[in-house]
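Accompanying notes for the structure given below.
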Protein chains: 2
Amino acid sequence: MDQLRALKYFTATAEAGNFSAAAKRFEVPASSISRRIADLEASLGAQLLTRTTRSVALTEVGRQYLQQVKGVLAQLEQCNKAVREYQTIPTGTLKISSMVGFGERMLIPILDEFATLYPDVLLEVVLSDELSKLGRDDVDIAIRGGFAPDERVVAIQLMDNQFVAAASALYLNKAGMPASTSDLKSHRGLYFKTPMGATPWWSEIQGQWQDVSAPSILTTNNGKWLVRKAIEGWGILMMPRWVLQPHFDKDELQELTFAEPLSITQNQDLGVYMLYQKLAYATPKVKAAVDFISARVKGRG
Amino acid sequence: MDQLRALKYFTATAEAGNFSAAAKRFEVPASSISRRIADLEASLGAQLLTRTTRSVALTEVGRQYLQQVKGVLAQLEQCNKAVREYQTIPTGTLKISSMVGFGERMLIPILDEFATLYPDVLLEVVLSDELSKLGRDDVDIAIRGGFAPDERVVAIQLMDNQFVAAASALYLNKAGMPASTSDLKSHRGLYFKTPMGATPWWSEIQGQWQDVSAPSILTTNNGKWLVRKAIEGWGILMMPRWVLQPHFDKDELQELTFAEPLSITQNQDLGVYMLYQKLAYATPKVKAAVDFISARVKGRG
DNA sequence: AAACTCTATTGTCTTAATAGCAATAAATGG
DNA sequence: CCATTTATTGCTATTAAGACAATAGAGTTT
């Protein structure tokens, strides 16, 4: 018995809810679907579907089996795909999902070079701060702050993503230079809003992490606007160093340094990570992109 | 192409190092192994093995593919095993639907023991006098008064469910003991209301079934309340013997016996039945529960 | 209530895939 | 150099799956 075929029929039927719809998808008669699944059930010694003459429904075992088997099928497909694409020149569509800020400032600029280097790779870049799933054929490469530990996902740290406080000279002249992190509370705050919520300012004062956020003047998920407002002297903001560095260089903003540690989280590990599936690395386009991005970004950052 | 078989051949060959050894393991000619793997390679568009006339060795892709695929095969085996195990050890969720009265008095008490006996079975008991469908994965076991004849449903009679008339001494002192069933009409009636309607009293007098119902004082679908009112002397009620027996024992109620047959239906067959689906592959959880319930209830009832 | 449609199943035939077997050619080991 | 092992190839037999038609049950519409 071709169990693999039976499994494909089974998953399709479970999704469709009846045999005939599944049969159409595979362009075979419904009787074939019925027979293959009956065979599968016989070989397992278990009833996977309860049938009426009008429709089919999963049994409890059927539901369990389906869920597990779907993962197996997906993985096998991945394996086949990896082999098929191996030993070929980088081609095809490469989907990259990145955080908005990083994408605009770091990724897009270097991808021009990548595109000329690998002209056969069609780039599809999605900038979003929402999470997107790897593996589900959703994206090939994801760039995120922090990473969820997963066996099949490789995480490469691109940069440390250290948040620093900054304000314009204009503002500092008006409001005065804060001497310590606890002074921040009497200033005006410009806040970056991530999908996980706003990013209050934390400082470790005498071994204790404390919220030292200034009253909010503006909260937005648009980094560029936030920076512009800071330059115009609206208040103090905290952003990753790699965002602010160009403005420091142009003297548009001044970095505020303190004796006490200052961060946007009590957890220090908020580096920028590039994530990709371990399996996918076998495909040339992914391998090329992963190697390219990590070389370029690490060289800069 | 049966990819699964090809993969099994491939992994065996890779482990053995040559086709003939793998062929022996599957008891097929070496030519079959050779052909299946060649097909697999063709479908993948990649060479997995380098062959000499004396032995075979993995290529770079082959090694990668082997490693990934071995995991997939193991997982699939795991899935199959899980299903087969499900068919041998009682596990999973067991849904039982029962009539309210029977459920409260007979079923729930014995299910404690069942739960300790089969700890892997998650019980889900629904007490309702409404009909519920077997088969649609709605319930695994249904307990009902009477049964609809259906080819795919097995019905086991648990008890005879004989209805008997009763009243308290208090009432009988006041109203007098009815000498025959036809006397009942001048008494006060407490009626049990099933989803099928009220339950008038029928008696077979001189070969003729007649309605001998007393005027109704109370009609309810709540058996416990009905019994309490009877004990308090409100009137005469008819309930299954297994409901009333404890009250007879405690002298709270007296059974009324007559020369003429008395019932709540002209059809005598109103036993309590346990119903379950007749499936090609019976699940252990259902079998265990059916056996357990019929043993315990028949022993008592 | 009756006609209709959609759906799963079953039987039979056809077609495609696989196993079995024998022959051949290449490589290894003595 | 010969004997042996091993992969491959051609051919046949066998088995499994698909195609098609017919049947029966379950909703749906009229």
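Convention: sequence-line order gives letters A, B, ...; per-chain numbering from 1.
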Charged N to carboxylate O under 4.0 angstrom, B:Glu124 versus B:Lys285? no

Output the distance between atom OG (A:Ser32) and atom OH (A:Tyr9), rounded to the nearest 0.5 Å. 6.0 Å

Rounded distance [0.5 Å steps], OH in B:Tyr118 versus CG in B:Leu123: 11.5 Å

Phosphate contact (D:dT6 OP1 or OP2) by B:Arg51 side-chain N/O below 4.0 Å: no

Rounded to the Å, how far apart are B:Leu40 CG and C:dA17 P? 16 Å

Between B:Arg54 and A:Gly17, name the one whose nearest nucleotide on DNA chain C is closer to the 5' end. A:Gly17

Nearest-Å distance for atom pair CG/C1', residues B:Asp2 and D:dA17: 11 Å

Can you figure out which of C:dA27, D:dA7, D:dA26 approaches the side chain of B:Val56 most closely? D:dA7

Identify whether the distance between the nearest side-chain nitrogen and carboxylate oxygen of A:Arg51 and A:Glu41 falls below 4.0 Å. yes

Let me know the distance between CD1 of A:Ile37 and P of D:dA17, rounded to the nearest Å. 13 Å

Rounded to the Å, how far apart are A:Leu4 CG and D:dA16 C1'? 16 Å

When you measure from every atom of DNA chain C, which of residues 18-36 of chain A have a heavy atom less than 4.0 Å away? A:Asn18, A:Phe19, A:Ser20, A:Ser31, A:Ser34, A:Arg35

If I take atom CD in residue A:Gln3 and atom C1' in nucleotide D:dA17, what distance separates them, rounded to the nearest angstrom? 16 Å

B:Gln87 side chain to A:Gly45 main-chain N or O, any donor-acceptor pair under 3.5 Å? yes

Residue mapping more 5' on DNA chain D - nearest nucleotide basis, B:Thr53 or A:Met1: B:Thr53

It should be established whether B:Tyr9 places a side-chain nitrogen or oxygen under 4.0 Å from OP1 or OP2 of nucleotide C:dA19. yes

Residue set satisfying side-chain hydrogen bond (donor to acceptor under 3.5 Å, both in side chains) with B:Asp39, at least two apart, ordered chain then number -> B:Arg36

Compare the minimum distances between each of C:dT7, C:dA19, D:dA17 and the side chain of B:Arg5, then state the nucleotide with the smallest one. C:dA19

When rounded to the nearest 0.5 angstrom, what is the spacing between CG in B:Leu76 and CG in A:Leu7? 6.0 Å

